[in-house]
Protein chains: 2
Amino acid sequence: MTLETTDNGKPPTIRDVAALAGVATSTVSRALSNPGRVSARTRERIETAASRLNYVPSSHARALSSGRTGAVALLVPDVTNPFYFDIIRGTQNQLKASGYTQLLVDTEESADVEREALRKLRSSSDGVIMVASRMSDEQLSAVAATHPLVTINRGVPGVPTVIIDTPASIGQALEHLASLGHHSVTYVAGPAGSWSNAKRMAAFDESSSQLGLRTVKIGPFSPKTTSGAVAADAALRSGSTACIVYNDLIAIGMLQRFAERGVRVPEDVSIVGCDDIFGADFCNPPLTTITAPTEQAGRVAITMLLGQLDPMHRNSNRRLAVLPTYLTVRGSTGPFGGSAQ
Amino acid sequence: MTLETTDNGKPPTIRDVAALAGVATSTVSRALSNPGRVSARTRERIETAASRLNYVPSSHARALSSGRTGAVALLVPDVTNPFYFDIIRGTQNQLKASGYTQLLVDTEESADVEREALRKLRSSSDGVIMVASRMSDEQLSAVAATHPLVTINRGVPGVPTVIIDTPASIGQALEHLASLGHHSVTYVAGPAGSWSNAKRMAAFDESSSQLGLRTVKIGPFSPKTTSGAVAADAALRSGSTACIVYNDLIAIGMLQRFAERGVRVPEDVSIVGCDDIFGADFCNPPLTTITAPTEQAGRVAITMLLGQLDPMHRNSNRRLAVLPTYLTVRGSTGPFGGSAQ
DNA sequence: CAATTTTTGGCAATCGCTTGCCACCGTGTT
DNA sequence: AACACGGTGGCAAGCGATTGCCAAAAATTG
């Protein structure tokens, strides 16, 4: 039941409200966005008028004159990668709670697309969250210098970042494998340009040498289940009895391939994934993986970004958040040969 | 390498470009958005100037004066439901191809949230796609009357719609079950307010009576894997040997519960899901399901919406698209007792 | 009760771009 | 030679808000 009293066909503007309330537009503007600035009586009159007209301020007009857009852009490498689902959900929720709108952009795992998107969005958003950006440190720093920016899973000196500390759990995963009796472990690498892949690989190298494990590395592979087939075949050829895989998507693809080839998991080969995405708990066998607090990452990133925007929160101005992860053991890891030890 | 020649600190405006090119702002505006309107020579000069300044028109200013926002809102009941992810991907891709921006909103499966979002977005988007809307027919018609709207999986008379015709394949699924020897089939219902649930249930009723199958209905259940446990227990109590489940999320949850309880699928009970979401192919056992062309649905919806917006395309003005589905048989269906027949 | 301070509300400029209307220019027509 | 006309480009009026500045009104003070 929309009663647009001033029904000239177009949606009501601030002027219509002002007229109905018998005040100037400036007063309406203040009453609505800066309550303390007008007396309670006038404010009330204005609010009544506004709701009678079902008035909604034009975000564009507001953006134009105030410079604030009320929107935050989220740049994600691939919207269909389940890993990002919960990040998107996290940012979405946190933004809505603060009255912001989310602009979602799929950057197709390309630095160029990221750059192009940034160019366009710079003027139409108050800030940007970039997830697993492929851009160079210099470029990201440059962006951060002119526009509020928070990165997720991409550390850049001087740029506020939230990091899901998957590498920290890789040691734990390797210990888990070692204690099951594995001596040789393969790292199945993700995309070449990926920062998190580099970090995971480095942690793998370090921990495995500490544990005295023999290691092999294969890849890079695209982070999709379809890469699993090649990865699985390569893993088999590597001669290791266990794999740590860049992410669950590839790991699940490998599981499928192993099933096809009659390779038993975990009797013939153990698999550890990363991220604990949707599906990791119900694939066959369920995947042992490093669980990541992805939704929290989204929320924290927004909190940090809003902190940059709103001078109120300037105090709580963290520049870095490192979120802990943990190993979730399921059915895809076990002793080689299947004998409990 | 950003060379903002007119570097006063702020991003360049159309005025800067005009000055550099030695023309009026109106000419710049036309050169950029209405190429035929200026001579080739001036246009070129302007384009050079614009790119030298790295000029990007302000979408807000443009929206304010022209009324066109270049944005389309996508209202989705739950951004973390994998079913919607390919829709999001589809709209995203199609929009980007047409130079539009996507505004993603999670409506939390609530008609109220939908209404509120619409109120806000009406002025900040050129059109809206609503997926599986919970609003009433009247409300949706009212929205469509004042704002370009396309619904997905929610038929409303007079409102352009794209429907994924899952009900059409339910008959096929029932035949499949009947031919495996099942005589009693349970429908595991989705949310009460859901249009697609109603349609699927109706198709289930009709086809099952045609096939002379005994039927039971249980539910409603929330479309999440976590509902699967209750649903599985209820299904067992129903005494049927097979289930058709509102969607794959619930179906996968049921699979997990059955495994916990030691109920074998498909020997003890057969399961058919709907949608063929991410995960349906690698759960245990892989799910027989009705495959839906979700990404295509997103693309088609955008095409229809853009058709409403752009007078150019007014001719290709379809009001309804029905996308066919098909049954994908995997491991979760089989003869009762496990004996091939 | 006059003087001073604090509130409250209005005026008008401004944000960056679009677009209707008009003027000018160079050709083509009669 | 006078006139008409299509092609170009400029002028200026918005679009719907915000906000600095100022004046009137109200509250406080001595």
Side-chain angles (χ1 to χ4, degrees), chain A residues 4 6 8-47 49-50 53-71 120-126, chain B residues 4 6 8-47 49-50 53-71 120-126:
Chain A
E4 306 192 3
T6 312
N8 47 33
K10 296 284 100 191
T13 76
I14 198 174
R15 244 187 298 274
D16 300 323
V17 178
L20 183 57
V23 296
T25 63
S26 48
T27 308
V28 175
S29 173
R30 291 194 187 101
L32 264 32
S33 54
N34 191 356
R37 186 61 175 69
V38 303
S39 72
R41 242 165 41 84
T42 6
R43 172 161 20 107
E44 195 171 327
R45 221 157 23 112
I46 290 173
E47 274 163 1
L53 295 175
N54 191 25
Y55 167 71
V56 181
S58 150
S59 58
H60 296 293
R62 192 203 294 276
L64 187 56
S65 64
S66 73
R68 284 167 272 112
T69 66
K120 295 244 178 74
L121 290 169
R122 208 178 290 224
S123 66
S124 40
S125 67
D126 292 341
Chain B
E4 306 192 2
T6 311
N8 46 34
K10 296 284 101 192
T13 76
I14 200 174
R15 244 188 297 273
D16 300 322
V17 178
L20 184 56
V23 297
T25 63
S26 49
T27 308
V28 175
S29 173
R30 291 193 187 102
L32 265 32
S33 54
N34 192 356
R37 187 60 175 69
V38 302
S39 72
R41 243 163 41 84
T42 6
R43 170 159 26 100
E44 196 170 325
R45 221 151 28 109
I46 290 173
E47 273 163 1
L53 296 174
N54 192 24
Y55 167 71
V56 181
S58 150
S59 58
H60 295 292
R62 191 203 295 276
L64 187 54
S65 64
S66 73
R68 284 167 273 112
T69 66
K120 295 243 177 76
L121 289 168
R122 208 178 291 225
S123 67
S124 41
S125 67
D126 292 340

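Note that the structure is predicted; figures quoted are calculated from it, not measured. The sequence lines fix the lettering, A, B, ..., with proteins before strands; numbering per chain opens at 1.
- If you take CZ of R30(A) and C1' of dT7(C), they are 12 Å apart, rounded to a whole angstrom.
- Between R45(A) atom CZ and dT8(C) atom P the separation is 14 Å, expressed in whole Å.
- Among the protein residues, A24(B) comes within range of the sugar-phosphate backbone only, with heavy atoms under 4.0 Å from sugar or phosphate atoms but none that close to a base.
- Put simply, the side chain of R43(B) never gets that close to the backbone of A31(B): no donor and acceptor are under 3.5 Å apart.
- Without hydrogens or angle criteria, T69(A) side chain to D126(A) main chain gives a donor-acceptor distance under 3.5 Å.
- Among all heavy-atom pairs drawn from Y55(A) and T13(A), the shortest one is CE1-C, 3.5 Å.
- DNA chain D is contacted by both S29(A) and R43(B); R43(B) maps to the nucleotide lying nearer its 5′ end (nearest heavy atom per residue).
- Here the shortest heavy-atom pairing between K120(A) and V56(B) reads CA-CG1, 4.3 Å.
- In this structure, V17(A) and I46(A) approach most closely via the heavy-atom pair CG1-O, 4.1 Å.
- The base of dG16(C) lies outside donor-acceptor range of the side chain of R62(A), with no N or O pair under 3.5 Å.
- One atom, CG of N34(A), and another, C1' of dT7(C), lie 13 Å apart when rounded to the nearest Å.
- Between the side chain of S33(B) and the backbone N or O of S29(B), at least one donor-acceptor pair lies under 3.5 Å.
- Residues S123(B) and P57(A) come closest through the heavy atom pair OG-O, 4.2 Å.
- We find that CZ of R15(B) is positioned 7 Å from P of dC15(C), with the value rounded to whole Å.
- Judged by closest nucleotide on DNA chain D, S26(B) is the one of S66(B) and S26(B) placed further toward the 5' end.
- For T42(A) and dT8(C), the shortest distance from a side-chain N or O to OP1 or OP2 is not below 4.0 Å.
- Residue R68(A) is in sugar-phosphate contact alone, with no base atom involved, counting any heavy-atom pair closer than 4.0 Å across all strands shown.
- Note that the first and last nucleotides of DNA chain D, 5' to 3', having any atom under 4.0 angstrom from a heavy atom of chain B are dT8(D) to dG16(D).
- To the nearest angstrom, C1' of dG9(C) lies 9 Å from CD1 of I46(A).
- One cannot find a donor-acceptor pair under 3.5 Å joining the base of dC17(C) and the side-chain atoms of T13(B).
- Here V23(B) lies in heavy-atom contact (under 4.0 Å) with sugar-phosphate atoms only.
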